[in-house]
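Quick caveat: nothing in here was measured; it's all calculated off a predicted structure.
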Amino acid sequence: PIRRRPHGTLWIRTANPCSIKGASMVISSHPMECRTLVVHESSELNHSGRIIAEGSKLFDDNRCMRRGIGLSLKVLPLGVIFLMAWISIGLARLYLRMPVMAVFVILLYLSGVSVPVYHAWSLYCLENHPQEIKTYLSSDSEFKRYQALMSMHEELSNKDLKRLSGDSSARVRLNAIIFAEERRSPLFMEMLFHCVHDPQLNVRTKACHALGQIRGKTARDLLDEVLRADPSWYVRDYAYRAMGRQRPVSMVVREDKRQSGPGQ
């Protein structure tokens, strides 16, 4: 038996799996001429999702690239420290030769870091004066609205999240959907109806994911609409996966049965 079958998979049992065109993965008890995931024991083929986990390591061509990105993110702090030390030494040498130029470069640097320093100060003020959250939410500053949402989303009401889901900033809309999804309330259905028609692709994908978590007939109807009408295959894929959490579909066939005569 295959056991756990991911939503939307078609498993084909055949004596010659390499002949199946378009197969994403070939599994066999022995190596074959095509790239094959060899599984010696077959009592429960995909127990605990084992086949999908092991197969992704073998057939995922982007795995090395993702590992490289992850490694670079871990090494990045060391690179920043090295760069700051190098700049400090350079400024010290520049000041000994050309003090005026060194002062100009330092002022230029300070003007560049003034924005992140201001943002850090703004966040510090909000965390120490939480009563100012309403002021931040109604601010003309996109960053203040974003700060209030990200740092104090648990304090926001459903009404606040609904309003932020229509914000002019895409990242504010996106995170408002994420936090609304965590509450899994059907009260957000009207909000998500507008979000699945958002001009931003990533906002629509998060709206589909939220519909899969909230569930219900209205959520399924919205996902059906996205599957039929959204112009992006990426969004339709999210809708398909979200639909799978509500009514999963999987199928196992034997090739010899498919090739049998009528009535077999």
Side-chain angles (χ1 to χ4, degrees), residues 1-12 20-25 45-53 55-56 59-63 66 137 145-146 149-150 153-154 156-253:
I2 293 177
R3 288 296 295 264
R4 183 169 179 258
R5 294 180 289 169
H7 162 60
T9 54
L10 173 65
W11 300 76
I12 301 177
I20 304 298
K21 302 299 181 183
S24 300
M25 186 183 302
L45 187 64
N46 195 43
H47 180 66
S48 300
R50 176 190 59 176
I51 293 300
I52 300 301
S56 65
F59 297 98
D60 187 359
D61 295 328
N62 293 325
R63 185 164 173 259
R66 288 200 301 272
L137 289 175
R145 300 195 304 273
Y146 179 74
L149 174 63
M150 298 302 295
H153 59 89
E154 295 179 353
L156 301 182
S157 65
N158 290 347
K159 184 178 179 181
D160 290 328
L161 289 177
K162 289 178 182 179
R163 182 165 58 83
L164 291 172
S165 70
D167 196 89
S168 58
S169 168
R171 65 173 180 170
V172 172
R173 299 197 305 271
L174 176 68
N175 286 283
I177 295 172
I178 292 174
F179 296 131
E181 174 189 338
E182 293 177 354
R183 302 184 183 186
R184 301 192 179 188
S185 172
L187 298 174
F188 292 112
M189 291 307 303
E190 182 180 355
M191 178 191 87
L192 293 174
F193 172 80
H194 295 288
C195 292
V196 295
H197 299 94
D198 194 277
Q200 288 289 331
L201 180 146
N202 56 347
V203 173
R204 301 201 304 274
T205 59
K206 290 302 180 184
C208 291
H209 193 275
L211 288 169
Q213 297 292 341
I214 295 175
R215 306 187 176 186
K217 183 180 183 304
T218 305
R220 290 196 298 270
D221 292 342
L222 275 176
L223 290 171
D224 276 332
E225 179 186 345
V226 175
L227 283 169
R228 291 193 306 268
D230 197 279
S232 169
W233 67 266
Y234 191 65
V235 178
R236 296 196 301 271
D237 182 65
Y238 262 79
Y240 178 73
R241 293 173 183 271
M243 185 68 76
R245 287 191 289 273
Q246 302 196 42
R247 52 184 190 203
V249 177
S250 182
M251 183 182 298
V252 180
V253 298

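Here CG of Leu211 is found 5.0 Å from CG of Leu192. Values are rounded to the nearest 0.5 Å. The CZ atom of Arg171 sits 10.0 Å away from the CZ atom of Arg145 when rounded to the nearest 0.5 Å. With rounding to the nearest 0.5 Å, the separation of CD in Glu181 from SG in Cys208 is 11.0 Å. Of the inter-residue distances, the one linking Trp11 atom CH2 with Leu45 atom CG reads 5.5 Å to the nearest 0.5 angstrom. Phe193 contributes atom CZ, which lies 6.0 Å from atom CD of Glu225 (distance to the nearest 0.5 angstrom). In this structure, the separation between NZ on Lys206 and CZ on Arg173 is 15.0 Å, given to the nearest 0.5 Å.
Nearest heavy-atom pair across Ile177 and Ala210 is CG2-CB, 4.2 Å. Ala239 and Val226 make their closest contact through CB-CG1, 3.7 Å (heavy atoms, listed as atom of the first residue, atom of the second, distance). The two atoms that bring Val196 and Arg204 nearest to each other are O-CD, 3.2 Å, heavy atoms only. Looking at every heavy atom in both residues, Ala176 comes nearest to Leu161 through CB-O, 3.8 Å. Among all heavy-atom pairs drawn from Met243 and Asp224, the shortest one is CE-OD1, 3.2 Å.
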Steps toward side-chain contact (heavy atoms from CB on, under 4.5 Å) verdict (Tyr238, Asp230): CA-CA 11 Å; Tyr238 262 79; Asp230 197 279; over 6 Å; no
Verdict with reasoning, Phe179 to Met150, per side-chain contact (heavy atoms from CB on, under 4.5 Å): CA-CA 9 Å; Phe179 296 131; Met150 298 302 295; 3.9 Å; yes
Verdict with supporting geometry, Met189 and Leu222, side-chain contact (heavy atoms from CB on, under 4.5 Å): CA-CA 9 Å; Met189 291 307 303; Leu222 275 176; 3.9 Å; yes
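Under the side chain to side chain donor-acceptor pair (under 3.5 Å) criterion, Asp160 pairs with Lys134, Ser157, sequence neighbours left out.
With a 6.0 Å radius and a threshold of 12 heavy atoms from other residues, nucleotides or ligands, Glu190 has its CD atom at or below the threshold.
Put simply, the side chain of Tyr146 reaches to within 4.5 Å of the side chain of Asn175, judged on heavy atoms. Annotation: side chain of Asp167 is not in contact with side chain of Leu149 (no heavy-atom distance under 4.5 Å). Counting heavy atoms from C-beta outward, Ile178 and His153 have side chains that stay 4.5 Å or more apart.
The pair Asp221-Lys217 meets the salt-bridge criterion, since a charged nitrogen lies less than 4.0 angstrom from a carboxylate oxygen. A salt bridge links Arg241 with Asp237: the closest approach of a Lys/Arg side-chain nitrogen to an acidic carboxylate oxygen falls below 4.0 angstrom.
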